[in-house]
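All ligand and atom numbering here is 1-based and tracks the order in the structure.
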Amino acid sequence: MGFLSGIVGLPNTGKSTLFNLITKAGVPAENYPFCTIDPNIGIVSVPDENLQKIAEIVNPEKITPTTLKIYDIAGLVKGAYKGEGLGNQFLGHIRGVDAIIHVVRCFEAANITHVYNEINPVSDMEIILTELVMADLEIVQKRKEAVIKGMRVGKKDVAKTELAMIEEMERILLQGTCLIDTGMDLDRSLMKSWGILTAKPYLVVANIGEDDIVEPTDRYVQLEQWGKERGRKVIPICTKFELEASELTEEERGEFLSSVGIERSGVDVLIRACYEILDLITFYTPVGRELKAWTIRKGGTLHDAAGLIHTDIQEGFIRADVVSLPDFLSHRGMHGAKEAGVVLTEGREFVLRDGDVVVIHFR
Ligand SMILES: Nc1nc2c(ncn2[C@@H]2O[C@H](COP(=O)(O)OP(=O)(O)O)[C@@H](O)[C@H]2O)c(=O)[nH]1
Ligand SMILES: [Mg+2]
């Protein structure tokens, strides 16, 4: 369990630098056994100001933030969908993620080659997305053939609805457009089981140079415009610089970053943004001496929440006390909230809201 975002881009755009930067800000790896299994997957805690506010009231011995997993996928090149440059393998890795972080190079550096010899972030994005679109088109066209074949041997009604959807997908992909950028209603788990790439939510990290922080370059501005047209976030991060800064103590780092005009670490902004495109919400369990934040999809119920915590809790679920975050904070905790009559007693079907503070009672 846990949501996985994959870092995707051309070679030498700064993907691994970003990955290192993110995982430096991460939680100790020994809590997560698989970390040692795959060195390209890291765990990062989600920055969350609410945790501190709740902690001031409940005084826990331990605070556990919620986490996201990040996957450093090796560079894609043109022709990947045809198997070029280990293409199939890389596309397979992308199929496994829930969201994509595209990294494009905006920084200048004479000693670092660009695979296509020109720093042009918009064109780099188009190259990568074209690969993903082509890979999807192949899948969709194969399915189309199979459905049409199936129609000849019966199963007409179900096949007709599926064919209509497949043809709509094909039409969009033939225009070179990502499925997620069209507003088409897509069943997330169906798309994942088909191995569709362009239905995954994505955002763009512009890896900018140190000199571009205060004064954005034209190519950065063009990329931002490109993102706006698609409703996609473009987040500027000076990865190399921030990685250097991460070696410093917290105090030095703040000073160092603000001296060049970086007010908030790009990683914090990025992790929050991943959280948003994945459609996730947070709930809190202030139980015993531990205050814990949890991540669940929007629309998730108390039953889902219980299962996330422990299968025993899910199976033995009786009911839960639920307080909205503003109520919890303004009444200074569960006790005060109860006295004020704002604690809800809910069953397993209750749909959680972002920020809910939850105490589950179970057998
Ligand atoms: N000047 C400069 N170099 C960078 C920056 N980001 C990454 N690099 C360098 O570019 C090279 C490739 O970076 P890497 O993260 O390995 O790229 P990847 O192939 O996308 O994983 C390395 O030598 C990095 O130090 C940056 O913002 N500015
Ligand atoms: Mg790399």
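Residues lining ligand 1 at a heavy-atom distance below 4.0 Å are given as Leu10, Pro11, Asn12, Thr13, Gly14, Lys15, Ser16, Thr17, Phe107, Ala109, Ile112, Asn207, Ile208, Thr239, Lys240, ordered by chain and residue number.
A salt bridge links Glu108 with Arg219; the closest basic N to acidic carboxylate O contact falls under 4.0 Å. Ion pair Lys192/Asp98 flagged as a salt bridge, since at least one NZ, NE, NH1 or NH2 atom sits closer than 4.0 Å to an Asp/Glu carboxylate oxygen. A salt bridge links Lys338 to Asp321: one of the charged nitrogens lies within less than 4.0 Å of a carboxylate oxygen. In this structure, Lys53 does not pair ionically with Glu56, as no charged nitrogen and carboxylate oxygen lie closer than 4.0 Å.
Shown are the protein N/O/S atoms under 2.8 Å from the Mg ion (ligand 2), given by residue and atom: Ser16 OG.
Once rounded to the nearest 0.5 Å, the distance linking OG of Ser324 with CG of Leu344 reads 8.0 Å. Here the straight-line distance linking atom CG of Leu91 with atom CG of Leu132 works out to 7.0 Å at 0.5 Å rounding.
Cation-pi geometry between Arg253 and Phe256 is not met at under 6.0 angstrom from the ring centre and within 45 degrees of the axis.
Smallest separation of non-hydrogen atoms from Met334 and Val357: CE-O, 4.3 Å.
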Test log, rule side-chain contact (heavy atoms from CB on, under 4.5 Å), inputs Arg230 and Val204:
CA-CA 11 Å; Arg230 284 157 187 79; Val204 181; over 6 Å; no

